[in-house]
Structure formats: C-alpha cells, structure tokens
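Here is the structure we will look at.
Residue numbering restarts at 1 for every chain, and letters A, B, ... go by the order of the sequence lines.
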Amino acid sequence: MTSRVRFAPSPTGYLHVGSARTALFNWLHARSVGGTFVLRIEDTDAERNRTDLTDSLLAELDWLGLDWDEGPYFQSERRDRHREVAEDLLERGLAYLCDADNREVGGSALVDGLAVRFRMPAGATMDFDDVVRGKVSFATDDLEDFVIWRSNGSPVFLLANAVDDADMGITHAIRGEDLLSGVPKVLLLLDAIGAPRPTYAHLPLLVNEQRKKLSKRRDDVSIGDYRARGYLAEAMVNYLALLGWGPPDDVEVRPLDEIVELFRIEDVNKAAAFFDLKKLEHVNATHLRALSKPDFMERVTPWVGADAPWPTDRFDPGRFSTMVDLVQEKLRTLGDTPRFVDFLFLDEPVDDPDSWEKAMVKGPSAAAMLDGTAVALADCPWETEAILAAVSAVGESLGLKLGKAQASVRVAVTGRTVGPPLFETMAKCMERDEVLRRIARARARL
RNA sequence: GCCCCCAUCGUCCAGCGGCCUAGGACGCCGGCCUUUCACGCCGGUAACACGGGUUCGAAUCCCGUUGGGGGUACCA
C-alpha cells in the first residue's frame, strides 16, 4: 500500500517553526517513499480561525518548497460527515448527550444546545506501536469521557481529525509529541467507526532555552519573520531537518533532494530539540555563499530596494553587482547586505560611533594616516594594486602595518571598521574625488 | 494530583553489547592565512544524570531514583 501522510494545521496563527518542521517531516517521508502528501486545514473552531491566516499558511509552505499532492481540504466543509458520525455514535449508545455542566441528558439524537460525549470504556488498554517512540500504552480507566460534538453544532478536533484521516486514507500520522496523549481517544473513535488505525510517528518537540515547547507568545517562531530577516528557504528546511534527525554520513549542510534520499522516518529520535539560532545562521550562511551570482542577485533584490537605508535614486545596480562579488561570502543572512554596501549609496559615510572611536580616537596616527593618504591617492593610478601600495607606503612611513594603517582610511571612507575589501571597493566602485572628499571630511572632524 | 514521554559535550546529531582512552557539526578558545571582517585550514575545550541489576563484556538491555517535558478544554 502506498503511503499517505498529511499536514493538518489549524489556521489560528502564522506558520511557525514547529509546524513547519512537522510539515517538513511529513513531506520528507512522502517524497522519500514515493507517497502522497495531503494538506488539510483544520478549521473547525470558527471563532479562532481567519481565512487570511490560511492564505499565509499556504504561502509559507510554498516558500519552503513543501508542495502538496492533494488539498488543501477544509475540515469546515466536512461538517455533515462529522455530524453523521457523531449521530451514529450517539444512536449506538457509544456516546451521549450532555449539558453545559457535563451532565448526561437522555436521548439518542443530536439536540441543539447540547454537546455529545464519547463514553470511555472501562478496564481497557489502548496500545499502539509508534514509529519513533516504540510501544505506548494507555489505560482507559485513566481517561475521561470526552466531547466530540459541541453544543454550538461543530465537531471537536478529536472527532474531525479521526474521521478525516480515516476517510482520506491516511496511513501515517506524523505529528508533534504534544498530541501523543490524544491517541487513545482517536483510536477509540476509529475502532468505533470500524476504520483502520494509521501508523503513528510522534516527533520530538522543538523547545526554547528553557526547554519548554516553542510558543508563539514567548519565542521567535514565525517562519515569515525568518524569511523577512533574510533567511533562505533551503537553509530553513535544511536546519529544520536536523532537529530530531541526522544524516547517516554526517554531512549536515546539503540540498533538500539529498535529504529526501537519506531520510527515514524510523531514524527520527525521541528527545526534544532546542531551536538554535546560531546553528541556523551557520546553515544559512553556508547556503548563501553557495548561491550563484544571478541567483543571489535575484534573491537579494528586496533588501536593496525601497526599504534599503539609502535614497532609492542613488542606488547603482552596476556598482552593487560589483560589490556582491566582494561581500557575498561575508553575509550570514540576506538582511546583512545593506550594511556592507550602504556607504556607496549614501551621501556621506555611515556614522558609527564605535568605529570612529576605535580607528580615529584610539587608533594610532589617524591624522597623519589621513594626511598622507590624501596626498598619496591624489595622483596614483586608480587601481586596486596601486591604491594598496600607496596606503601601504604611508603606513610604513609611520611604522604601521597595513592592517593598522588601513583602519582610519576605512572608517573615513565607509564609516565602519568592518566591511568589504577596501582598496578593491575604492578602485572599482568609487570615484577618486569622492574618496578624497571623504578623507578630508574625516580629517577635519578629528 | 493523575496519565504519558524523554535523558550522550553548552547546543544539534552519531553510537543500536565488544571497533568508545565515545565520533561529527554549531558555539566557544587558541594559531595560521590576511588590507578590516568573513571564508579556509590547524589545534583545543567539553558529555554517556544517578543507583542497582543482566552479561565474560553496557553509553548501548532491564528495574528503580532523580531531573526535564507533554497531556489532562464544548483549543488544535
């Protein structure tokens, strides 16, 4: 039988990293075994759902590259089927009507304003074999009757989820461990309606530094936010795959298709994983460096457009393109790009107090360096090597190695102590007059 | 409280009875390279929670303890 999995988010917020990881593992399993990936929106709780959130959910999945084969199905459109099952269970006495105080009310047909609870059998044991956890067992005596149909006429998650999985022929339910304790109830429902039980795989939770389940309120978990900060989809997905799973050959940073090749749901481990931003950055930087020039240029566009920290009309695509060759390898996210090139498109170098303090105030012989450089650069050939030689010579005359010597010149021209290769930047992207003007301006400020 | 789950370096992953004086990655700390930063390279730091078993032999199996987490809604 071919494997069918589903990602079934409820549109109550933006897609967050935990859900994305669940979606990814379902997708990976489907793609690695040639199965079908179904997308189902679990919008049974009308009060908390918003359609615009559904749209953003789909957009984020699309961005991540997690394409689905079926759906999206909307649980809200299956209300009649859910009602049918609730009525059936009620008629068969497996469930009963109850009022707002959870008191049983007689009757074997749905009644407006009354909820329906499933009757928990006594003395039974519900056990199943979880792909990642192994044998798991619950005693029904520890569980209580549970609501399957609300008094407002809508199905509860447990019922809708069980019925939909059964109707959609889901063979593997891959989801977060927070849903583990709900399994016995779902099993009871499945057994009651005579549907086969899917195979379960409960993924370890993603946790924060306090080791608590990642939460929208406390933690930085929106996939959209990461995208906006300049993380690449392939890096996000690559990093997420590393949480709870590891490639057999220890090669961690790699393309998705290779991960599909290597992934096996049974290799997923059980312990909760900390979402480590530092490692995400590393993975991102590695993917970013591997981008071809055209690809990089296309992806960085949003960061150098209207929202960039310089007047749009001063942006020069040609110079920027040249700069990309010099700075791409230094970036950790696309969002880092502006601060490596902004000085080119601003009227004056950036004003960074720390840099000024470090190079101009505390640094050695800043005044002499600037004076000497101004003279040396006034008539040297405007080429990288010549500029390097000129600045180097000025430094030497002051007993400074190039590393120290270039600091004040760098801050005078760019505003910062850190940035792209200075002489190449000047030669290829700046006019001699502008460089000299900035050096003079800095000198005057000393 | 009750139920369930988990437990290897700070973090992620490897290890699935002998190959382990425990391996890789991120981070961190040195060094090299170097016009800053970064990249790259070299080196270092650092873990099998504890206690009992089982076994010739345990990080690996079993039990307990401790610690952590999840669930316990007419949320999903």
Counting only Watson-Crick or G-U wobble pairs whose two distances fall under 3.5 Å, which nucleotide matches [N]?
N	value
B:C9	none
B:A49	B:U65
B:C28	B:G44
B:G1	B:U72

Starting at [atom1] of [X] and ending at [atom2] of [N], how long is that distance when rounded to a whole Å?
X	N	atom1	atom2	result
A:Asp178	B:C6	CG	P	15 Å
A:Met126	B:C3	CE	C1'	15 Å
A:Asp142	B:C4	CG	P	6 Å

Paired with A:Arg416, the salt bridge (charged side-chain N to carboxylate O under 4.0 Å, His left out) test is passed by just one of A:Asp351, A:Asp342, A:Asp352, namely A:Asp342
Verify the ring-centre separation between A:Phe7 and A:Trp27: is it less than 6.0 angstrom? no
Base, sugar-phosphate or nothing for [X]? Non-hydrogen atoms, less than 4.0 Å.
X	result
A:Trp149	nothing
A:Asn269	sugar-phosphate
A:Asp127	nothing
A:Lys212	sugar-phosphate
A:Leu205	sugar-phosphate
A:Ala100	base
A:Ile148	nothing

Taking the [atom1] atom of each, how far is [N] from [M], in whole Å?
N	M	atom1	result
B:U21	B:C4	P	38 Å
B:A58	B:C50	C1'	16 Å
B:C63	B:G23	C1'	30 Å
B:A49	B:A14	P	15 Å
B:G68	B:C20	C1'	27 Å
B:A7	B:U60	P	12 Å
B:U54	B:G64	C1'	15 Å
B:C37	B:C13	P	34 Å

Give the nucleotide from the list [options] with an atom nearest to the side chain of [X].
X	options	answer
A:Gln406	B:C5, B:G24, B:U36	B:U36
A:Glu329	B:A38, B:A76, B:C26	B:A38
A:Lys278	B:A76, B:G70, B:C26	B:C26

Establish, with yes or no, whether the OP1 or OP2 oxygen of B:C6 is under 4.0 angstrom from a side-chain nitrogen or oxygen of A:Lys270. yes
Per the ring pair (Phe, Tyr, Trp, His ring centres under 6.0 Å) rule, what does the pair list look like for residues 105-148 of chain A, sequence neighbours excluded? A:Phe118-A:Phe146, A:Phe128-A:Tyr200
Near RNA chain B, under 4.0 Å by heavy atom, which residues of residues 407-427 of chain A? A:Arg410, A:Thr417, A:Val418, A:Gly419, A:Pro420, A:Pro421, A:Leu422, A:Phe423
Going by number, which of residues 391-399 of chain A have a non-hydrogen atom under 4.0 Å from RNA chain B? none
Look at the side chain of A:Ser181 against the base of B:C3 and say whether a donor-acceptor pair falls under 3.5 Å; ignore hydrogens and angles. no
Checking A:Arg229 against A:Tyr226: charged group under 6.0 Å from the ring centre and within 45 degrees of the axis? yes
If you assign each of A:Thr384 and A:Glu144 to its closest nucleotide in RNA chain B, which residue comes earlier from the 5' end? A:Thr384
